[in-house]
Amino acid sequence: MKHDRILIIGAGGQIGAVLSEALREVHGTDNVIASDLRQLDGHSGPTEILDALDASALEAAVKKWRVNQIYHLAAILSATGEKDPMRAWDINMRSLFNVLETSRICNLKKVYFPSSIAVFGREAAHRNTPQYEVLIPETVYGISKVAGENWANYYYRRYGLDVRSMRYPGIIGYQSMPGGGTTDYAVDIYHYAVQQKPYECFLTQDTSLPMLYMPDAIRATLELMEAPANRLSVRTSYNLAGMSFTPAEIAASISKQVPGFRITYKPDFRQAIADSWPASIDDSAARNDWGWKPEFDLDAMTKDMLHHLALKYGLKEVV
Ligand code: NAD
Ligand code: SER
């Protein structure tokens, strides 16, 4: 049986670091090539330094490793993007075009391109935001994801390239640190809590956002990529939901495990970004088409996060 060979772009990031190892478990260590701008350490399989803005280097890597799938995770996220919008647009779009064109030219089997809840803006329904909703994002990151989703759909319809995508909510995990998003507080807070430190949150206490625990996010990605093509009715990007909570609610969940945990609030520019995003997401298309179902709720995630971070910091168990 011919194995799939996968190139991950942006494998050094929050999601890529975890997804690389998960893909290696499924496809075999040597069949997953983890790439990023910088040298990747601690990987069990092959790695490559690759700038996704360099189209010839990307094509050369695809040929060198005889790749037949690309997972394109490299992007500038919402908060970092607002600091230099033109740079964010250039990186997010040019890297995606290079991936789509290389995949078309080299006749690749499948491409994965994550989108985000950042595609939505204030005009969208705030709660239970539907799959097909008005998309007027307020960040350059969100604009690049809306454009990216439409290009993914274009390459599928025009060239038959099997591009698959889902709109991740804020992703929370203990294995890696987030890379400049608006939902990053929900990772940082656990690192403070486990070390018995108070946390100053950059969002207000009542800002509800959609979130997803890393094991669910990884499983969703694998399930979407393995689903039969004829089950997929959405070729832009699937809505995906896990849980929704506010900073006050995550602090309360932590307090059950870490008595006396303290949180204060000092909203910054990320508040306006969060205010433009949905509070919760309707992911019924993903559930119906490929059987998506999250496993972790807030308290289950808190317990698991604190357990693993305590081990990571060499601390006595907090739970
Ligand atoms: P991250 O910022 O942690 O990692 C991105 C990685 O891409 C970094 O390691 C960076 O070095 C690399 N990179 C940047 N420019 C590159 C280039 N030109 N060539 C090669 N590599 C480059 O991001 P993440 O949180 O792991 O997100 C991965 C993907 O998932 C992104 O597309 C992001 O938009 C999407 N997403 C993430 C979240 C989340 O909460 N983490 C939510 C929604 C969508
Ligand atoms: N977690 C991401 C961000 O905050 C959402 O795409 O930018």
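Atoms within each ligand, like the ligands themselves, are counted from 1 in listed order. Predicted, not measured: the structure shown is a model, and the values here were computed from it.
Between the side chains of Y190 and T302, at least one donor N or O lies within less than 3.5 Å of an accepting N or O. Side-chain contact annotation: S103 with Y159, donor-acceptor N/O pair under 3.5 Å absent. Defined by atom type and a distance below 3.5 Å, a donor-acceptor pair is present between the side-chain atoms of N239 and R167. If you check the side chains of D4 and N68, you find a donor sitting under 3.5 Å from an acceptor. Side chains of S78 and T139: a donor-acceptor N/O pair is absent below 3.5 angstrom, by distance only.
The distance criterion of under 3.5 Å between nitrogen or oxygen atoms is met by I171 with respect to ligand 1. For the pair G13 and ligand 1, the shortest N or O to N or O distance falls below 3.5 Å. On a distance-only criterion, L73 and ligand 1 share at least one N/O pair closer than 3.5 Å. Note: no N/O pair closer than 3.5 Å links S116 and ligand 1 by distance alone. Between D51 and ligand 1, at least one pair of N/O atoms sits closer than 3.5 Å.
Side-chain contact between I281 and L240: absent, with no pair of heavy atoms (C-beta onward) separated by less than 4.5 Å. At a threshold of 4.5 Å between non-hydrogen side-chain atoms, the residues T221 and Y168 count as touching.
The closest approach between P169 and ligand 1 falls below 4.0 Å for a heavy atom of the residue. Residue contacts with ligand 1 leave out R167, since none of its heavy atoms falls under 4.0 Å from the ligand. Residue contacts with ligand 1 leave out S35, since none of its heavy atoms falls under 4.0 Å from the ligand. Heavy atoms of Y185 come nearer than 4.0 angstrom to ligand 2 in no pair at all.
Taking atom 21 (N) of ligand 1 as the reference point, the nearest protein heavy-atom neighbour is A74 CB, 3.6 Å. Summary of contacts: the protein heavy atom closest to atom 27 (O) of ligand 1 is I15 CD1, 3.9 Å. Nearest protein heavy-atom contact of atom 11 (O) of ligand 1 is D36 OD1, 2.6 Å.
With R94 as reference, D90 is the one residue of N92, N98, D90 to meet the side-chain hydrogen bond (donor to acceptor under 3.5 Å, both in side chains) rule.
Closest to atom 41 (N) of ligand 1 by heavy atom, among M177, M214, Q14, is Q14. Nearest to atom 5 (C) of ligand 1 by heavy-atom distance, out of G170, A11, A75, is A75. Between atom 5 (C) of ligand 2 and the options A75, P210, G170, S116, the minimum heavy-atom separation is to S116. The closest heavy-atom contact to atom 23 (O) of ligand 1, among the options L96, I172, L77, comes from L77. When S95, A52, S165, A186 are checked for heavy-atom proximity to atom 19 (N) of ligand 1, A52 turns out nearest.
I33 and L222 are members of different hydrophobic clusters when ILVMFWY side chains are connected at heavy-atom separations under 4.5 Å.
Residues F120 and H126 place their aromatic rings such that the two centres sit no closer than 6.0 Å.
When all heavy atoms are compared, the tightest approach of A118 to P137 is O-CB, 3.3 Å. P278 approaches L209 most closely through the heavy-atom pair O-CD2, 3.8 Å.
Residue S78 touches ligand 2 through backbone and side chain together, judged by heavy-atom distances below 4.0 Å. When non-hydrogen atoms are compared, ligand 1 lies under 4.0 Å from neither the backbone nor the side chain of F113. Contacts between Y141 and ligand 2, counted as non-hydrogen atom pairs separated by less than 4.0 Å, involve the side chain only.
Around the OH atom of Y265, the shell of radius 6.0 Å holds more than 12 heavy atoms that belong to other residues, nucleotides or ligands.
Here is the list of ligand 1 atoms found below 4.0 Å of a heavy atom in S115: 43 (C), 44 (C). Applying the 4.0 Å criterion to heavy atoms of T182 picks out, from ligand 2, the atoms 3 (C), 4 (O), 7 (O). Interface atoms of ligand 1 facing G10, defined by a heavy-atom separation under 4.0 Å, are 6 (C), 7 (O), 12 (C). Listed by number with element, the atoms of ligand 2 under 4.0 angstrom from any heavy atom of W277 are 3 (C), 4 (O), 5 (C), 7 (O). Heavy-atom contacts of G179 reach the following atoms of ligand 1: 2 (O), 3 (O) (cutoff under 4.0 Å). Using a 4.0 Å cut-off to heavy atoms of Y141, the atoms of ligand 1 that qualify are 33 (C), 34 (O), 35 (C), 36 (N), 43 (C), 44 (C). Atoms of ligand 1 found under 4.0 Å from any heavy atom of L50 (numbered from 1 in listed order, with element): 19 (N), 20 (C).
The existence of a salt bridge linking R164 and D162 is confirmed by a sub-4.0 Å separation between a basic side-chain nitrogen and an acidic carboxylate oxygen. By the 4.0 Å N-to-carboxylate-O rule, K145 lies too far from E149 to be salt-bridged with it.
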Exercise for the section: Please step through side-chain contact (heavy atoms from CB on, under 4.5 Å) for the pair H191 and Y313, ending with a clear verdict. Expected result: CA-CA 9 Å; H191 287 259; Y313 283 100; 2.7 Å; yes
